[in-house]
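Below is one structure, written out as structure tokens; the observations come after it.
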Protein chains: 2
Amino acid sequence: MLPEGRSRRSGDGRRDLTAIAISCFARYGYQGTSIDRIAREAGVTKGAIYHHFRSKEDLLAAAVMDRIGEFETRVQSACRAAAPDESLRRIAEVCAQHATSEDRPRFAIKLMVESIETNDPVVEEMRGMMRRFRAFLRNIIRAGQDGALFRADADADALAALFTSAVIGAETQFYLDPKRFSLEHTLETFVDQMLDNLRLAGAAQAREGGAIRD
Amino acid sequence: MLPEGRSRRSGDGRRDLTAIAISCFARYGYQGTSIDRIAREAGVTKGAIYHHFRSKEDLLAAAVMDRIGEFETRVQSACRAAAPDESLRRIAEVCAQHATSEDRPRFAIKLMVESIETNDPVVEEMRGMMRRFRAFLRNIIRAGQDGALFRADADADALAALFTSAVIGAETQFYLDPKRFSLEHTLETFVDQMLDNLRLAGAAQAREGGAIRD
DNA sequence: GGGAGCATACCGACCGTTTAGTATGCCGCG
DNA sequence: CGCGGCATACTAAACGGTCGGTATGCTCCC
């Protein structure tokens with residue numbers, strides 16, 4: 001972690017350690033990651049970590065806030081100025097892209113699941129993130145309903161909950177079985193199906209047309 | 001853990017310890033559960049655990065096999081002799097019921113996620129379970145297609161993958177936020193949507209009829 | 001320019017506690 | 001009596017965290 005000249009630089013220590021902690025937590029989870037492991041991977045000693053962070057929990061909090069911020073930026077950027085149906089597509093796409101990237105995609109699911117019943121501060125943050133994500137999706141669906149693109153009688157909240165479920169469930173299975181579980185295809189199927197369901201009368205024809213596309 | 005008469009009975013030790021380990025692993029995860037905790041909750045000492053199990057990993061293996069067996073029994077029982085559409089409904093229902101039961105429902109998701117990248121034997125078992133579950137669902141969908149109940153051009157594999165994703169994702173969110181995430185409603189919405197998609201021409205009318213049902 | 005003073009970033013040793021596992025002893029039952 | 005089912009005491013290593021000290025960077029003043 002030290003720069004090549006081996007002099008001590010100011011300012012990057014905390015950020016670099018957070019990045020390494022994110023990698024470790026994403027792979028081993030919080031309980032499975034020791035401070036010694038983080039220190040070792042950073043090429044420093046534990047003392048250096050405790051210089052920047054009050055505790056292991058403090059380090060976890062920094063990691064969680066970093067990942068939540070990145071996630072929300074990614075989702076918002078994906079559907080800027082797009083139509084509601086295109087927005088839903090793009091969100092599914094960026095989730096799939098991130099899940100297959102090198103940016104420690106497993107962090108959110110690992111820490112979310114691990115923290116259930118055992119780490120209330122993290123659960124609170126993750127819960128907030130998921131609520132915001134569902135609200136964001138619900139608002140997209142409602143915008144489509146307001147614009148007569150989607151049928152008005154669909155339950156936007158339930159569909160938003162379903163969208164987030166499909167994303168979490170598909171990512172989990174992909175991480176478990178990357179050779180045999182196709183994340184992108186599953187999410188694409190999901191969005192197709194949801195949009196079919198959301199579209200107005202005439203959907204049966206659209207579906208026949210869909211078959212021709214393949 | 002000892003019976004009231006305080007005599008030492010044979011045969012139940014291993015099974016009782018497995019049950020307590022399942023509870024602990026379901027709550028704290030594998031890394032977050034110490035042998036001492038399991039012993040304490042069982043009312044015995046570590047020595048008793050090591051009498052029955054060779055190692056902590058051995059105990060985990062017993063727990064995993066137990067839970068996988070129970071899950072598969074439950075799913076198969078749910079849809080015995082039912083039509084394909086009814087089968088899909090029932091499977092979603094029993095998953096929701098189990099997730100809200102006292103039978104340590106979080107075990108599978110906790111251990112599945114925790115083991116990704118860190119515990120290959122458990123990943124293998126969980127992967128096998130999920131593959132069997134998807135194959136089971138796929139076969140139900142195909143039976144519906146063969147019986148002309150479902151349209152023949154739907155991708156049964158993709159829909160099975162979507163079904164399992166919805167279940168995992170909805171359960172995860174429910175465990176994270178039981179007050180604000182409605183598991184049963186989400187899975188019901190999912191099954192409705194999937195069956196709408198799977199049904200043959202006339203689906204548009206069926207959907208109009210669906211709106212009237214509410 | 002250089003030295004003093006201070007702040008920051010880190011080090012290595014240490015602490016008390018906890019961990020998975022081991023060895024040995026004891027008790028009850030058939 | 002022997003064996004299964006435990007309990008107890010112990011081991012070495014690992015855990016999160018603390019502490020005194022060192023190295024370096026920066027600023028100010030003579």
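Here the structure is a predicted model, which means the values were calculated and not measured. Naming: A, B, ... by sequence-line order, numbering from 1 per chain.
One finds no side-chain N or O of H52(B) lying less than 4.0 angstrom from the OP1 or OP2 phosphate oxygen of dG4(D).
Across the protein-nucleic acid pair, L17(A) atom CG and dT8(C) atom P stand 17 Å apart, rounded to whole Å. dG4(D) atom P lies 19 Å from atom CZ of R15(B), rounded to whole Å. We find that OH of Y28(A) is positioned 12 Å from P of dC15(D), with the value rounded to whole Å. For the pair R14(A) CZ and dA9(C) P, the computed distance is 11 Å after rounding to whole Å. The CZ-C1' distance, from R37(B) to dT17(C), rounds to 15 Å in whole Å. F53(B) places its CZ atom 11 Å from the P atom of dC6(D), with the value rounded to the nearest Å. Atom pair H51(B):NE2 and dT8(D):P shows a separation of 16 Å (rounding to whole Å applied). Put simply, CD1 on I49(B) is 12 Å from P on dT19(C), counting in whole angstrom units.
The side chain of D36(B) lies closest to dT19(C), out of dT19(C), dA7(D), dC11(C).
Below 30°, between 30° and 60°, or above 60°: for F107(B) and F25(B) the angle between ring planes is between 30° and 60°, a tilted geometry.
Side-chain contact, Q97(B) with R74(B): no donor N or O sits under 3.5 Å from an acceptor N or O. A donor-acceptor contact under 3.5 angstrom links the side chains of D155(A) and H185(B), judged on distance only.
Proximity of a side-chain donor or acceptor of D177(A) to a complementary backbone N or O of Q173(A) within less than 3.5 Å is not detected. A donor-acceptor contact shorter than 3.5 Å is absent between the side chain of K46(B) and the backbone of A39(B).
Annotation for V122(B) and L111(B): closest pair CG1-O, 4.2 Å, computed over non-hydrogen atoms. Across all non-hydrogen atoms, the minimal contact from P105(B) to H98(B) is CB-O, 3.2 Å.
If S34(A) and A48(B) are placed on DNA chain D by their nearest nucleotide, the residue sitting closer to the 5' end is A48(B).
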Tabulate atom names and distances for all N/O pairs under 3.5 angstrom spanning the protein and nucleotides 17-20 of chain D.
unit_1  : atom_1 : unit_2 : atom_2 : d
dG17(D) : OP2    : Y50(A) : OH     : 3.0
dG17(D) : OP2    : K56(A) : N      : 2.7
dG17(D) : N7     : K46(A) : NZ     : 3.2
dG17(D) : O6     : K46(A) : NZ     : 2.9

